[in-house]
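This report refers to the structure that appears directly beneath it.
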Amino acid sequence: MICAGNICRSPMAQGVMEAVIAKNGLNWTVDSAGTNGYHDGECPDPRAIREIRTIDIEISHQISRKIKQQDLDQYELLFAMDLNNLKNLHAMSPQGLHRSKIHLLMDFAYPGKNISVPDPYYDNRFKDALRLIQIGCQAIIANFNKN
């Protein structure tokens, strides 16, 4: 789960995805990172922590970090919260080697629509961001959990 600073959207997406994974009894690993590294070492934004607690998910233990090249190699799927972060991930992929595993979070809920999860950092729309994250995570599980 990738956003810009790794303190709002991607920590919430990691928390939601972990909960959905557990609910479905899957043995998947999820992590989050940011493309800019401005908040490295920080906990998630208190507003994100408060909002996600409304659905009984705890993310206060997460620590922000910048995405590394090895993340593109290690993870089978990478989900960007918006088109700018998607572009940044594509730029990290030499000769497009990782393009097939890089997606927008909302791609599986709304294929071909290029829908972004808006950054609530400046406008406080954490409820809206969380609602979209929940939709996106559920669609990912539905697409990849074909048991």
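Residue indices begin at 1 and follow the sequence shown.
Clustering ILVMFWY residues whenever any of their side-chain heavy atoms sit less than 4.5 angstrom apart, transitively, puts Ile21 in a cluster other than the one holding Leu78. Taking hydrophobic clusters as Ile, Leu, Val, Met, Phe, Trp and Tyr residues chained together by side-chain heavy-atom distances below 4.5 Å, Met17 shares a cluster with Leu77. Two different hydrophobic clusters hold Trp28 and Ile2 under the rule that ILVMFWY side chains link at heavy-atom gaps under 4.5 Å. No continuous path of hydrophobic side-chain contacts links Phe108 to Leu86 [ILVMFWY only; heavy atoms under 4.5 Å]. Val30 and Ile7 end up in different hydrophobic clusters when Ile, Leu, Val, Met, Phe, Trp and Tyr side chains are linked at under 4.5 Å.
Although no hydrogens or angles enter the test, the distance criterion places a donor-acceptor pair under 3.5 Å between the side chain of Asp71 and the main chain of Lys68. Remark: the backbone N or O of Asp40 is not paired with any side-chain donor or acceptor of Lys66 at under 3.5 angstrom. A donor-acceptor contact shorter than 3.5 Å links the side chain of Gln69 to the backbone of Met92. For the pair Ser64 (side chain) and Gly5 (backbone), a donor-acceptor distance under 3.5 Å is present. A donor-acceptor pair under 3.5 Å is absent between the side-chain atoms of Asn88 and the main chain of Thr35, judged by distance alone. No side-chain donor-acceptor contact under 3.5 Å links Glu51 to the backbone of Phe126. In this structure a side-chain-to-backbone donor-acceptor pair under 3.5 Å is missing from Asp128 to Arg125.
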List the atom pairs, donor and acceptor, that lie under 3.5 Å between side-chain atoms in residues 129-139 and the rest of the protein, sequence neighbours left out.
none

For residues 109-120, which side-chain donor-acceptor pairs fall under 3.5 Å, sequence neighbours excluded?
from	atom 1	to	atom 2	distance (Å)
Ser116	OG	Leu83	N	3.3
Asp119	OD1	Tyr121	N	3.0

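Pairing each heavy atom of Asp82 with each of Asn85, the nearest pair is OD1-N, 2.8 Å. The two residues Cys43 and Ser60 come nearest to each other via the heavy atoms SG-O, 3.7 Å. For Leu104 against Phe79, the heavy-atom pair with the smallest separation is O-CD2, 3.9 Å. Residue Ile49 comes nearest to Pro44 through the heavy atom pair CD1-O, 3.5 Å, listed as atom of the first residue, atom of the second, then distance.
Residues Leu26 and Phe144 have side chains not in contact (no heavy-atom distance under 4.5 Å, counting atoms from C-beta outward). For the pair Gln14 and Ile59, the minimum side-chain heavy-atom distance is 4.5 Å or more. Two residues are said to be in side-chain contact when any heavy atoms from C-beta on lie closer than 4.5 Å; Val16 and Ile55 meet this criterion. For the pair Glu42/Ile63, no side-chain contact is recorded, criterion being any heavy-atom separation below 4.5 Å from C-beta on. With a 4.5 Å cut-off on side-chain heavy atoms, Tyr75 and Lys101 do not count as touching.
A donor-acceptor pair shorter than 3.5 Å can be found between the side chains of Arg47 and Asn124. A donor-acceptor contact under 3.5 angstrom links the side chains of His98 and Asp73, judged on distance only.
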* Asked: Step by step, would you call Ile67 with Asn6 a side chain to side chain contact (heavy atoms under 4.5 Å, CB included)?
  -> CA-CA 9 Å; Ile67 190 165; Asn6 192 215; over 6 Å; no

* To do: Report the C-alpha distance between Arg65 and Asp31 in whole Å, list the side-chain angles of each, state the deciding distance to 0.1 Å, and finish with yes or no for side chain to side chain contact (heavy atoms under 4.5 Å, CB included).
  => CA-CA 10 Å; Arg65 69 179 184 88; Asp31 197 2; 3.0 Å; yes

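Note that NE2 of His103 is 11.0 Å distant from CG of Leu89, once rounded to the nearest 0.5 Å.
If you run side chain to side chain contact (heavy atoms under 4.5 Å, CB included) between Met1 and each of Met12, Glu18, Met81, only Met81 comes through.
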